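Keep in mind it's a predicted model, so treat the numbers as computed, not measured. In this chain, numbering begins with 1 at the start of the sequence shown.
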Amino acid sequence: IWFLIALVVAIAGVAASTSNALLIDEVIYIDMARAMAEQGAFAIAGDGGVEGSPALTKQLTLDVDGLAIPQYPSGYAVIAAPVYALFGVRGLVLLNALSAIVARFLTHRIAVLLYRDRALATLAVAFLASASFLSAYAFAIWPHVLSLALLLAGVERLLHGTNGPSPDLK
C-alpha cells in the first residue's frame, strides 16, 4: 500500500509541477534530454553555445569543435532522452519522482539488509524523506534523485550479494 500511496503522490506532484525550467541549470538539463532524444547528440547547440550569451557558454558549456557540450554528466542525457521523448519536460520531473520512490524503497531494503529490523528501516526512510533535500529534488529537473537511486541500487545489490536475499527480520 505504501508503494501505491507514493505513486499517487508522485503523479500528483508531477501534474502540479511546472513544465518550465526554474533555473538555468534546468534549462541545460532539458536541452541535454532534448538533444539526445531528437538528434542522438550530446551537443546542445552549435556555434559554441547560446547565441548572444557568451557568459552562459563559458559557465555552463564547453566549446568542442564549435559545439556547445554541457559541463554536466552526459549519462543523464542518455537516461532522460526516452522519457523526454515520451512525455516532454514533465517526463523529466516524472523521472525524478519515480527515482525518489525507488530511493525510498532501496533505503528501506538496505537498512533491512544491514540491521535486520523493519522498524529501523522504516525510520531510515522517514529520515530520508523528511530530513534531506529528497522531497525538493523529487519534483525538479535535476539529476540528483536519479543519481541517488542508481547509487542506492548498487549498494543494495552489493549487500544482497554479501548478506543473501532473505534476512531474518525483527
Side-chain angles (χ1 to χ4, degrees), residues 1-37 42 60 70-170:
I1 186 137
W2 287 109
F3 176 76
L4 293 176
I5 292 170
L7 190 59
V8 167
V9 169
I11 291 170
V14 170
S17 70
T18 180
S19 61
N20 297 316
L22 300 176
L23 301 167
I24 187 63
D25 300 89
E26 291 181 323
V27 171
I28 300 298
Y29 287 121
I30 292 168
D31 286 347
M32 289 170 66
R34 181 183 299 122
M36 184 57 66
F42 290 110
L60 300 175
Q71 67 180 5
Y72 303 112
S74 56
Y76 176 76
V78 174
I79 295 170
V83 179
Y84 179 85
L86 290 172
F87 304 109
V89 173
R90 284 219 167 114
L92 301 179
V93 178
L94 178 63
L95 178 63
N96 279 351
L98 295 176
S99 295
I101 292 171
V102 169
R104 288 178 180 133
F105 168 78
L106 290 169
T107 297
H108 188 275
R109 181 84 178 114
I110 289 166
V112 164
L113 287 169
L114 286 173
Y115 302 109
R116 307 210 185 310
D117 185 336
R118 286 183 197 232
L120 187 62
T122 301
L123 185 60
V125 173
F127 279 134
L128 176 66
S130 64
S132 73
F133 289 107
L134 182 71
S135 298
Y137 287 133
F139 299 106
I141 307 170
W142 287 33
H144 299 67
V145 180
L146 174 63
S147 297
L148 176 63
L150 293 171
L151 174 72
L152 290 173
V155 171
E156 190 278 336
R157 290 288 78 199
L158 174 70
L159 292 172
H160 176 82
T162 303
N163 296 343
S166 302
D168 295 329
L169 299 178
K170 294 179 188 174

K.L.:
Out of curiosity, E156 CD to L114 CG, how far, rounded to the nearest 0.5 Å?
P.N.:
10.5 Å
K.L.:
Return all side-chain donor-acceptor pairs below 3.5 angstrom for residues 137-148, not counting sequence neighbours, or 'none' if the list is empty.
P.N.:
| unit_1 | atom_1 | unit_2 | atom_2 | d |
| --- | --- | --- | --- | --- |
| S147 | OG | P143 | O | 3.0 |

K.L.:
Measure the spacing between CG of L152 and CZ of R109 and express it to the nearest 0.5 Å.
P.N.:
13.0 Å
K.L.:
Which atoms form the tightest heavy-atom contact between R118 and H108, and what is the distance?
P.N.:
O-NE2, 3.9 Å
K.L.:
Are any side-chain N or O atoms of R116 and backbone N or O atoms of L113, one a donor and one an acceptor, separated by less than 3.5 Å?
P.N.:
yes
K.L.:
Using the side chain to side chain donor-acceptor pair (under 3.5 Å) criterion, which residues pair with Y84? Sequence neighbours excluded.
P.N.:
R34
K.L.:
Contact between Y72 and D25 at the side-chain level, heavy atoms closer than 4.5 Å - yes or no?
P.N.:
yes
K.L.:
I would like to know whether E26 and L92 meet side-chain contact (heavy atoms from CB on, under 4.5 Å); could you show each step before the answer?
P.N.:
CA-CA 10 Å; E26 291 181 323; L92 301 179; over 6 Å; no
K.L.:
What are the two closest non-hydrogen atoms of A33 and A80, and how far apart are they?
P.N.:
CB-CB, 4.0 Å
K.L.:
Please give me the minimum heavy-atom distance between I28 and P70, naming the atom from each residue.
P.N.:
CG2-CB, 3.8 Å
K.L.:
With T107 as reference, evaluate V102, V112, V125 under the side-chain contact (heavy atoms from CB on, under 4.5 Å) test and give the passing residue.
P.N.:
V125
K.L.:
Is the shortest heavy-atom distance from the side chain of Y29 to the side chain of V89 under 4.5 Å?
P.N.:
no
K.L.:
Quick one: list whatever passes side chain to side chain contact (heavy atoms under 4.5 Å, CB included) with S74, sequence neighbours left out.
P.N.:
F42
K.L.:
Indicate the atoms forming the closest heavy-atom contact of P73 with M32, along with that distance.
P.N.:
O-CE, 3.3 Å
K.L.:
Hey, what do you get for CG (L123) to CG (D117), rounding to the nearest 0.5 Å?
P.N.:
9.5 Å
K.L.:
Hey, does F87 have a side-chain heavy atom less than 4.5 Å from the side chain of R90?
P.N.:
no
